[in-house]
Amino acid sequence: MLITILYCGLGLMLTSCSDSDDNDNGKETVDPTTDEDGYKIEVGEGMTMPENQFKTKVPATTDFDQAIVDALKAIDNVTDVKPFKITGIYDYFKKENITKTAYYFNFKQPIDHNNPSKGWYKQQCMLTVAGKDRPTVLHTEGYALEGDNNRLDIIGEPALVPALNANCLQVEYRYHGWSLPEGYTNKWNYLTAKQHSDDLHAIVTAIKKSGIISQSSKWVSTGVSKNGMTTAHYAYYYPNEMDAYVPFCAPFLNSLNDDRPFKHILDKKAFNDNEERYEKVKAAFRAYVGNRNLQAECVKLYKQQAPSMAASSDEDVRKNLLANLFDNYFGKMSYVTYERWEPMIPQAGDDAKKFLDFILANGETKYNGEDQFDYDRRKYYYTDFESSSYSDESSASLVRRGADAVKRKVAYFVQVCIELGTYGFVTTWVDDLLTPEEKKYLQDSGHNPSAYGVTYDNGKFINEFFEGMKKSDCHMKFVYGMQDPWTGGQIPDDKMGPNSSKLFISYGKHDDAIDKWNASERNDLLQWLAGLGFNFE
């Protein structure tokens, strides 16, 4: 969602997608490959297929339940069943690392659910089983299943899984990772919330019929951020398929420059109405934006620390740092409690290094005194949701989200430009200090549909979703954190159905850290689930 970029030498956060992944000419694919089932994977001209490390480096395990494997293999559309061990899960309730047996499988899906004759593709899924009679959490992943090059052995699970001692079904979002309706190309013809909701419906229906999980067991779908948006979209199209829907931190934006998320973190409410904290951050913004000499010193220091920027003009780097000031503030408010980064907030008269450290610090930064487990957890969220997919390090304006070069791994950004919308910078704190050129630079930093060869629907889908949810009888609990910028993009109160409600977390950031909530907030969610028939162990 948010693109926060630190350049080479300062913790550059880029995907492993190489420059050869560009598909600048838009020609038809020329290098098709097929897998063992004859599934055709189109590869665009000038593009290459990366290594699938789950296939090549993650071994199958002999410690598994044969009945589960047999039941999965008996499902008509299931292929490539592989039990393996997940070693990267940390149970934040028990405060210990956990190893689980997981069951990987691909599910054959129509490329176009409206016209199955167009063929099919394989969608990656994985299942962990706590018990046949336990509740099941459907993790409505909005991106690729987590892990570099598909290293699913380090994947995490939603916080509701340990809270409920639940089974967990995770489904990769179409066009992400290795779930590619049109292969490894830059075509996006079937990238919509409706098509993916149909994907989820097909998989859930098959798993429910398989006998792996008891017919009487309860189901809840959940996810954070775009994963949470996916939960809500799925509820819109299939309101009675789950017993409960719990989207965390899910924004619903109806333009490509929605100002509500950024306005939220320019308001005292995001600081729990703490006037002193609010004024301290605002003063830091004004001290930097209003001092050109300070900005020049930061540019000089930045170019020394990031050799790849040496050839860029000072003016390009200065504007880039200005954008990073806003974008990385969004990242800090999203993922890091204020207390963690308060010591680094500069004030007028501080040296350039303190200002630069503050500007560049984001949701991935390790902060002083931070517990390693909490840091690892935050980094998991940050890299899952916010990592950039651009690798043109020579550009001084990478933070500008309308990049010319389109990469295969930017499916989220493409969907933003098709139907999801996104946020824009709001500069009210410093409007009187910005030049018209600087204001335009910040305003123009949004996504550009033409960069991806798609057309934005001007909020049509989101407004239809709002009207549909208002009439829906699904059981939905929208959870938002008060510090989280995306809370500004929450679903409007008058667009919620009769069985929907909201829960606001005083501690809350852009995550589902139920274990960090206070007892009252945690009980609100868990008692609501209990009232819907979910049992706890």
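- No donor-acceptor contact under 3.5 angstrom links the side chains of Tyr245 and Asp243, judged on distance only.
- Between the side chains of Glu521 and Ser506, a donor-acceptor pair is found at a separation under 3.5 Å.
- In this structure a side-chain-to-backbone donor-acceptor pair under 3.5 Å is present from Gln490 to Thr487.
- Counting only residues at least two apart or in different chains, ring-ring contact (aromatic ring centres under 6.0 Å, His included) contacts with residues 198-230 comprise His201-Tyr238.
- Here the side chain of Asn167 pairs a donor or acceptor atom with the backbone of Ala130 at under 3.5 angstrom.
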Full working for side-chain contact (heavy atoms from CB on, under 4.5 Å) between Leu169 and Ile207: CA-CA 9 Å; Leu169 173 63; Ile207 294 297; 4.2 Å; yes

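- Residues Phe478 and Ser500 have side chains in contact (heavy-atom distance under 4.5 Å, counting atoms from C-beta outward).
- Under 3.5 Å, the side chains of Lys226 and Gln415 contain a donor-acceptor pair of N or O atoms.
- No side-chain donor-acceptor contact under 3.5 Å links Thr136 and Lys218.
- For Lys477, the salt bridge (Lys or Arg N to Asp or Glu O under 4.0 Å) criterion is met by Asp524, not counting sequence neighbours.
- Residues passing the side-chain hydrogen bond (donor to acceptor under 3.5 Å, both in side chains) test with Thr99, sequence neighbours excluded: none.
- Without hydrogens or angle criteria, Asn362 side chain to Thr365 main chain gives a donor-acceptor distance under 3.5 Å.
- A donor-acceptor pair shorter than 3.5 Å cannot be found between the side chains of Asn499 and Asp473.
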Apply salt bridge (Lys or Arg N to Asp or Glu O under 4.0 Å) to Asp63 and Lys85, showing your working. CA-CA 9 Å; Asp63 178 21; Lys85 290 293 184 182; 2.7 Å; yes

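- Between Tyr452 and Phe413, the ring centre distance reaches or exceeds 6.0 Å.
- One distance of note links OG1 of Thr455 with CG of Asn458; it measures 9.5 Å at 0.5 Å rounding.
- Of the residues listed (Thr422, Val410, Leu253), the one engaging Val416 in a side-chain contact (heavy atoms from CB on, under 4.5 Å) is Thr422, and it is the only one.
- Judged by the 6.0 Å and 45° rule, Lys82 forms no cation-pi pair with Phe105.
- Looking at residues two or more places apart in sequence or on another chain, you find no side-chain hydrogen bond (donor to acceptor under 3.5 Å, both in side chains) involving Thr87.
- Side-chain contact between Thr128 and Tyr103 is absent, with no heavy-atom pair separated by less than 4.5 Å.
- Side-chain N/O atoms of Ser225 and His510 include a donor and acceptor closer than 3.5 Å.
- Residues Asn186 and Trp188 form a side-chain contact, since some pair of their non-hydrogen atoms from C-beta on lies under 4.5 Å apart.
- Legend: residues meeting salt bridge (Lys or Arg N to Asp or Glu O under 4.0 Å) with Lys460, ordered by chain and number and at least two apart, are Glu464.
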Before giving the answer on side-chain hydrogen bond (donor to acceptor under 3.5 Å, both in side chains), spell out for Asn150 and Gln124 the whole-Å C-alpha distance, their side-chain angles and the decisive distance to 0.1 Å. CA-CA 10 Å; Asn150 211 45; Gln124 290 198 130; 2.9 Å; yes

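- Side-chain N or O atoms of Thr140 include one that pairs as donor or acceptor with a backbone N or O of Asn227 at under 3.5 Å.
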side-chain contact (heavy atoms from CB on, under 4.5 Å) assessment of Ile462 paired with Glu419: CA-CA 7 Å; Ile462 292 299; Glu419 63 182 5; over 6 Å; no

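- Within the 3.5 Å criterion, the main-chain N or O of Met469 finds no donor-acceptor partner in the side chain of Ser472.
- Results of the ring pair (Phe, Tyr, Trp, His ring centres under 6.0 Å) test with Trp486 over Tyr335, Phe252, Phe248, Phe330 single out Phe330 as the only residue that passes.
- Not counting sequence neighbours, Thr61 has no partner by the side-chain hydrogen bond (donor to acceptor under 3.5 Å, both in side chains) test.
- No hydrogens or angles considered: nothing links the side chains of Thr230 and Glu141 as a donor-acceptor pair under 3.5 Å.
- Distance alone, capped at 3.5 Å, is enough to place a donor-acceptor pair between the Arg134 side chain and the Leu164 backbone.
- Rounded to the nearest 0.5 angstrom, Tyr375 OH and Glu364 CD are separated by 5.5 Å.
- With sequence neighbours excluded, the residues satisfying ring pair (Phe, Tyr, Trp, His ring centres under 6.0 Å) with His196 are Tyr173.
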Where do Leu525 and Ile514 land on the side-chain contact (heavy atoms from CB on, under 4.5 Å) test, with the steps shown first? CA-CA 9 Å; Leu525 175 60; Ile514 299 171; 4.1 Å; yes

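- Checked by atom type, the side-chain pair Gln215/Lys208 shows no donor-acceptor distance below 3.5 Å.
- Between the side chain of Lys502 and the main chain of Ile491, a donor-acceptor pair closer than 3.5 Å is present.
- Distance alone, capped at 3.5 Å, places no donor-acceptor pair between the Gln170 side chain and the Glu157 backbone.
- Defined by atom type and a distance below 3.5 Å, a donor-acceptor pair is present between the side-chain atoms of Glu182 and Asn189.
- Rounded to the nearest 0.5 angstrom, Asp133 CG and Ser214 OG are separated by 5.0 Å.
- Annotation: Phe461 is in aromatic contact with His233 [ring centroid separation under 6.0 Å].
- The salt bridge (Lys or Arg N to Asp or Glu O under 4.0 Å) search around Lys132 returns none, not counting sequence neighbours.
- Looking at Asp199 and Arg174, a side-chain N of the basic residue comes within less than 4.0 Å of a carboxylate O on the acidic one, giving a salt bridge.
- By the side-chain hydrogen bond (donor to acceptor under 3.5 Å, both in side chains) test, Glu467 pairs with Lys470, Lys495, sequence neighbours left out.
- With sequence neighbours left out, Trp528 forms a ring pair (Phe, Tyr, Trp, His ring centres under 6.0 Å) with no residue at all.
- Checking side-chain atoms of Arg522 against main-chain N and O of Trp517 turns up a donor-acceptor pair under 3.5 Å.
- By the neighbour-count criterion of 12 heavy atoms within 6.0 Å, atom NZ of Lys366 is densely surrounded, having more than that number from other residues, nucleotides or ligands.
- With sequence neighbours excluded, the residues that form a side-chain contact (heavy atoms from CB on, under 4.5 Å) with Thr56 are Glu51, Gln53.
- Between the side chains of Ser179 and Gln123, no donor N or O sits under 3.5 Å from an acceptor N or O.
- The backbone N or O of Ala193 lies less than 3.5 Å from a partner atom in the side chain of Ser197, making a donor-acceptor pair.
- Geometrically, Lys108 does not engage Tyr121 in a cation-pi contact defined by less than 6.0 Å to the ring centre and at most 45° from the axis.
- In Lys516, the NZ atom is not crowded: 12 or fewer heavy atoms of neighbouring residues, nucleotides or ligands sit closer than 6.0 Å.
- Taking the ring centroids of His176 and Tyr412, they lie at or beyond the 6.0 Å cut-off.
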Show every donor-acceptor pair shorter than 3.5 Å between a side-chain atom in residues 65-78 and any protein atom, with sequence neighbours excluded, or say none if there are none.
from: Asp65; atom 1: OD1; to: Ala67; atom 2: N; distance (Å): 2.9
from: Gln66; atom 1: NE2; to: Asp70; atom 2: OD1; distance (Å): 2.8

